[in-house]
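Report on one structure; see the data block that follows.
This chain uses plain numbering: 1 for the first residue, then up along the sequence. Everything quoted here is computed from the prediction, not taken from an experiment.
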Amino acid sequence: MSISVSVMQLNNPSAPSTPIILETLPHPPLPDGVCPRRTRSQIDLLLLAIEALDLTGSEAILIVARDLELTSVIPDRVTLWRLRSTNPMRRTNQRRSLAVVEAKALVVILCNLARRLTVVVRQHLLTYHQLLDKQQPPTDDFYLAAYLERFRAHFRSRMNPRRAAVLAYSTDESLNQLALELLGQLLFCTGTSGMQRLWISLFDGEVA
């Protein structure tokens with residue numbers, strides 16, 4: 001069987017194949033084969049938090065996509081924008097759905113970037129809890145405040161303020177809290193089997 005499959009691939013080299021790294025994530029039993037709204041939103045918000053941490057932004061995402069051989073799914077900046085714009089909170093929301101293989105690629109990339117930023121993420125969370133114990137706002141720390149300011153700016157420039165889900169984050173305080181919660185999720189996905197655990201959590205309550 002393996003020989004015949006290899007022959008088929010040689011005879012049809014243009015046949016699409018799923019990058020091997022994506023096989024490490026289980027395929028959720030979705031009735032229509034596309035990602036739910038909450039999953040799409042959460043993936044995009046996690047990438048937004050990474051962009052607030054890493055000043056190279058979307059360029060870093062594309063570099064990792066290339067390094068992990070995921071260019072068959074995310075070949076360029078335009079494709080990345082289209083995938084992220086499936087987030088219904090976005091100003092320029094794409095009506096198209098986000099396929100599971102596309103969501104997997106985004107999650108693999110964001111987890112890889114989160115691991116690279118583990119020290120920064122951990123330090124921000126440690127600082128936040130220290131300030132919390134002293135009953136001081138998170139903006140009292142220069143570096144944490146800079147991250148929160150960048151996140152708020154990214155969120156407000158890219159999300160549609162008329163959408164109900166965005167209205168819930170109309171204040172600096174609510175956006176700061178969201179940014180801190182996302183840091184916790186990024187740290188979560190850097191641990192043992194973190195990528196798999198994050199992936200499964202994105203579908204909690206969405207699949208039977």
Considering all heavy atoms of both residues, which atom of [X] and which atom of [Y] are nearest to each other, and what is their separation?
| X | Y | result |
| --- | --- | --- |
| Cys189 | Leu110 | SG-CD1, 4.5 Å |
| Leu83 | Thr86 | O-OG1, 2.6 Å |
| Pro28 | Trp199 | CD-CZ2, 3.8 Å |
| Ala179 | Phe151 | CB-CD2, 3.5 Å |
| Ser85 | Thr92 | CB-O, 3.3 Å |
| Leu45 | Phe155 | CD2-CE1, 3.9 Å |

Looking at [Y], is its backbone amide N or carbonyl O close enough to the side chain of [X] to form a donor-acceptor pair, meaning the two atoms are under 3.5 Å apart?
| X | Y | result |
| --- | --- | --- |
| Ser201 | Leu198 | yes |
| Arg40 | Asn87 | no |
| Thr127 | Gln123 | yes |
| Arg91 | Ser157 | yes |
| Thr71 | Ile74 | no |
| Thr39 | Leu202 | yes |

Check: Under a single-linkage definition using a 4.5 Å side-chain heavy-atom cutoff for Ile, Leu, Val, Met, Phe, Trp and Tyr, are Val64 and Trp81 assigned to the same hydrophobic cluster?
Finding: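 Looking at the clustering, Trp81 is in a separate group from Val64.
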Next item on the list: Give a yes or no on whether Val34 and Val101 share a hydrophobic cluster (residues Ile, Leu, Val, Met, Phe, Trp, Tyr; joining criterion: side-chain heavy atoms under 4.5 Å apart).
Entry: no
Minimum side-chain heavy-atom gap [X]-[Y] below 4.5 Å:
| X | Y | result |
| --- | --- | --- |
| Ser97 | Cys35 | no |
| Leu62 | Asp76 | no |
| Pro161 | Leu167 | no |
| Val107 | Met195 | yes |
| Arg152 | Leu148 | yes |

Using 0.5 Å steps for rounding, measure from the [atom1] atom of [X] to the [atom2] atom of [Y].
| X | Y | atom1 | atom2 | answer |
| --- | --- | --- | --- | --- |
| Asp67 | Ile109 | CG | CD1 | 10.0 Å |
| Thr79 | Glu102 | OG1 | CD | 9.0 Å |
| Tyr147 | Leu180 | OH | CG | 7.0 Å |
| Ile43 | Leu98 | CD1 | CG | 6.0 Å |
| Leu106 | Ile61 | CG | CD1 | 8.0 Å |
| His124 | Leu186 | NE2 | CG | 11.0 Å |

Item checked: Arg77: partners by salt bridge (charged side-chain N to carboxylate O under 4.0 Å, His left out), with sequence neighbours left out -> Glu59
Next item on the list: Kindly write out the residues that satisfy salt bridge (charged side-chain N to carboxylate O under 4.0 Å, His left out) with Arg163, not counting sequence neighbours, or none if the list is empty.
Entry: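 Partners of Arg163 by the salt bridge (charged side-chain N to carboxylate O under 4.0 Å, His left out) criterion come out as none, since no residue qualifies.
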Notebook entry, point to check: So which pairs with a foot in residues 180-193 pass side chain to side chain donor-acceptor pair (under 3.5 Å), sequence neighbours left out?
Noted result: Gln42-Gln185
Item checked: Residues Asp172, Arg156: salt bridge by 4.0 Å N-O rule -> yes
Note to self: Taking Glu51 first and then Arg84, would you say they form a salt bridge - that is, a charged N and a carboxylate O separated by under 4.0 Å?
What the structure shows: yes
Taking only distance into account, with no hydrogens and no angle test, what donor-acceptor pairs under 3.5 Å do side-chain atoms of residues 135-145 form with protein atoms, sequence neighbours excluded?
from   : atom 1 : to     : atom 2 : distance (Å)
Gln136 : NE2    : Asp140 : OD2    : 3.1
Asp141 : OD2    : Tyr143 : N      : 3.2
Asp141 : OD2    : Leu144 : N      : 2.9

Show me the donor-acceptor pairs within less than 3.5 Å that the side chains of residues 111-121 make with the rest of the protein, sequence neighbours left out.
from   : atom 1 : to     : atom 2 : distance (Å)
Asn112 : OD1    : Arg116 : NE     : 3.0
Asn112 : OD1    : Arg116 : NH2    : 3.2
Thr118 : OG1    : Ala114 : O      : 3.3
Thr118 : OG1    : Arg115 : O      : 2.7

Notebook entry, point to check: With sequence neighbours left out, what residues match His27 under side-chain contact (heavy atoms from CB on, under 4.5 Å)?
Noted result: Val100, Lys104
Item checked: Neighbour count above 12 (heavy atom, 6.0 Å) for Glu69 CD -> no
Checklist line | Residues, nucleotides or ligands: over 12 heavy atoms within 6.0 Å of Glu149 CD | finding: no
Margin query: By the definition salt bridge (Lys or Arg N to Asp or Glu O under 4.0 Å), identify the one residue from Arg158, Arg90, Arg37 that meets it with Asp44.
Written below: Arg90
